[in-house]
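Convention: sequence-line order gives letters A, B, ...; per-chain numbering from 1. Note that the coordinates shown come from a computational prediction; the quantities given were computed from them, not determined experimentally.
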Amino acid sequence: MTLLRIQNLNLSADSGKPILRDVSLTLEHGQILALIGASGSGKTTLALTALGHMRPGVRHVSGQVLFQGQDLLRMSRRALARLRGRKLAYIAQSAAVSFNPRIRLDRQVTESSRIHHTMSPDAAHARAREVYRTLDLPTGEAFYNRFPHEVSGGQLQRFMIAMGLHEMPEILVCDEPTSALDATTQVEVLKALDTGIRASGTAAILVGHDIAQVVQVATHILVMRNGEVVERGTVEQILHHPQHPYTQRLLEMHRGFDAGSGTMADTAAAATTAAAVSPSDRTDRPPLLEVRDLAVCYGTGGFAVKALSGASLTLNGGEMMAVVGESGSGKSTMARAIAGLVQPSQGDVLVNGRLMERDVLKRPLPMRRAVQITFQSADTSLNRHHTVGRILGQVLTFFGERSKERRAERIRELLEQVHLPADYVDRKPSQMSGGEKQRVNLARSLAARPDVLICDEITSALDNIVAASVLDLINELKRELNIGILFISHDLSAVAAMSDKIMVLRNGEVVEQGPTAQVLGAPRHPYTRLLRSSVAEMRLGWLEEASALHRSLRDELGA
Amino acid sequence: MIRFIVKRLAAGFVLLLVISLLIFVGCEMLPGDVAQIMLGQSASPENVAALRAELGLDQPAPVRYLAWLWGIFQGDWGVSMTSRQPVSVMLSERLSNTLTLAGLTTLVSVPLALLIGMVLAVHKGTRLDRVGTIVIVGLCATPEFLVATLGVLVFSIHLRWLPAISYVTPGSGVLTLIKSMLLPLATMTIIVTAQLARMTRAVVGNILTQPYVETARLKGAGSVRVITVHALRNAIGPLINIIAMNVAYLISGVVIVETIFAFPGLARLMADSVQARDLPVVQACAMIFSAAYIGLIMVADIVAKLFDSRKESGASS
């Protein structure tokens, strides 16, 4: 009998807007089905129906979700509860919020066996330890009995996987199990998930944000868009013979990066030409942005934590420098210190050879104008009650544009620069998509006519395709406006192809910096190699190689 | 943990000292002179001056403040200016009445409110929740004097089951005592239960929307398990603080209920003393109320900390 059969499923929001349209799929024993699509494509909603679960605000219109012949959507709550955790298990997207903060991890992992009385406490204890070992978690009772906040993000996600596998379920539903983690950790957790699923022989539904990652684990792929199935097939079929244009676009975005940084010969050649060109370029003019030995401490006295120590860089007009590192590496701290939002404990920031005041409030207007910062979340950066015209107009007024006509003129120009239609001037943030809001957010920074634009993770909250278009825009602005761009990102693949220089930060220290082609073409520091090897490549077998490489690099780093 | 408690105790003590100063200054600023009020409008200036000297009111304010503070440390709250009784004697009688009433109300209303709040939170959005919430919000918005007056109207005047005035005399029988306290107890229970249930519903309801509750449900946990195992231990921190605030209110803020039922409690003593400009009594009451607030919130903080796995000592144990 087919393990799971979803037939002509239609779901809608409370408002009546369709979320899933006529979706059908089957899942057999041993299959691992990946659901791929942009956010809002309905992939998570679809995956959760396999648990008989619909989040508040979702309504069942028609269709069936048959697990071993029983319709989960028509089952009583009690009957459904008997299946969940036992036959149907769930791995949440963010382990950090999906574990109860007040209960020890081991108790939460083994809870299903107490709910369903499937195992004796001793058996549950032994089973949990068996899974922990499979997932390569550190050993020791004290470790297993920690609270969620006492282990790292990658370890927590592995406990989440252990919880899902504990009862040896028939179907494991994984909702973007790696997307909340740092790039280097993603590889290791993905490997653990792969090992765990294979060891227990469960069928799985894997919701993925990174197509290159999910193909490493999945056997079948379902591509979704706007609540509809666009294409389906085995991994080989989708990877090598994609039929639908949308699937082809999804795949191309990754191929683009692989071609850009994958061929070492090209990048090495580029590095030498870049090195050859730069001396002739050199004039007596000071660099656009110069940072000397910048350090930032949080806290005072004995409690001071060094968030950044001794970072130096130079950036010229028309150049883009990528600053990469995982969360806590100090990259955002550096951005904020350059912008004057946090006080450095030492070091200088010079723009066009002029020393900047450390505190943005002490910077006179022209100095403030020179450095602008765009933040990750357009939703919190933009006042949602104001129109685009008002948001941009305020910046212009602040920097001394008194004439109403000239402001309107400049706003039109700004919207054109970020490729938004002129009539968006009357829109409010709620009437725009995520990508459009981020463009307005950029226009807000550009309104000041900055010399240096700092982009702090501005594409992290966007879908791949939208993020790519925003990156293209940044690249274009860099050339057209001849400004210097400091692009902060935790995602190496996002910036590698288009930055001129790169700085790699780890634990507040600069481990490596230089021309991008040189640093990524022949990384000297093991940590750079680790980051480099964490970018998923669109070919089968990558995960094996990457996780083996990771293990040796981690040893080399001594962490 | 012990360090935390000691720190909180020290902070509470300093806070009380600051409050004692504020209370003293506040009383200084009260218009009217106790000697003048005691002797009436027709008293001669000499007589007023003599009484002021006798009461110690001719001393400079800082001296009187320090003397008052020193007295408190020794258990001497001063002498009432109107009744000439030691303040401590007046307080002890009233305090025990107030504590009895507050304690009984707490015993009834806290479990009741927690139960109602949690049941409504679990059934959020259903008809039960909507009706329950309307009733609770309605009761929260009802002034206590209306509840009290309706109670008197129905049970004392109409049915004649209970006395309208709960004047407690020392030495009366247990049954009389219970009977006389029943109406104020019921009034305060209704008000406090409604408030607490509303807050509990909000706190628990918020926790039930957390992703870890969804995780628990997807492990097959039923509502009872979700509440008892997962939600409650996360709700204790906020709930215990809300409970502490309500108990503090029961001790200090029930002047209206006490007045309506002529219940000899602390709050009424304070209100009466303010009218009579009997400053030692006013100051003593104010100090006790402040101490009750600070003490209860401190206990709440400590209990919340005990249940918080993120306390420093909890690491890797």
Please walk me through it: do H53(A) and E214(B) pass side-chain contact (heavy atoms from CB on, under 4.5 Å)?
CA-CA 10 Å; H53(A) 182 58; E214(B) 187 182 52; 2.8 Å; yes
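At distances below 3.5 Å, at least one donor-acceptor pair connects side-chain atoms of H116(A) with backbone N or O atoms of K219(B).
Within a 6.0 Å radius of NE2 in H60(A), other residues, nucleotides and ligands contribute more than 12 heavy atoms. Heavy atoms from other residues, nucleotides or ligands lying under 6.0 Å from CE of M245(B) number 12 at most. The local environment of CZ in R5(A) is sparse, with at most 12 non-hydrogen atoms from other residues, nucleotides or ligands closer than 6.0 Å. At most 12 heavy atoms of other shown residues, nucleotides or ligands fall within 6.0 angstrom of atom CD1 in I2(B).
Counting heavy atoms from C-beta on, the side chains of T215(B) and M163(A) come closer than 4.5 Å. Within the 4.5 Å cutoff, the side chain of V97(A) has no heavy atoms near those of the Q210(B) side chain. For the pair K124(B)/P56(A), no side-chain contact is recorded, criterion being any heavy-atom separation below 4.5 Å from C-beta on.
No other option in Q108(A), H166(A), R86(A) has as many heavy-atom pairs under 4.5 Å with chain B as Q108(A). Ranked by heavy-atom pairs under 4.5 Å with chain B, the list N100(A), L80(A), L48(A), L51(A) is led by N100(A).
Using a 4.5 Å cut-off between heavy atoms, R78(A) makes no contact with chain B at all. For chain B, the nearby part of F99(A) is the backbone; its heavy atoms alone come within less than 4.5 Å. Both the backbone and the side chain of V229(B) have a heavy atom closer than 4.5 Å to some heavy atom of chain A. Heavy atoms of R225(B) lying under 4.5 Å from chain A belong exclusively to its side chain. Of the two parts of R55(A), only the side chain, counted from C-beta on, holds a non-hydrogen atom closer than 4.5 Å to a non-hydrogen atom of chain B. When heavy atoms are compared at a cutoff of 4.5 Å, I91(A) does not approach chain B at all.
Across all non-hydrogen atoms, the minimal contact from P101(A) to Y212(B) is CD-CE2, 3.5 Å.
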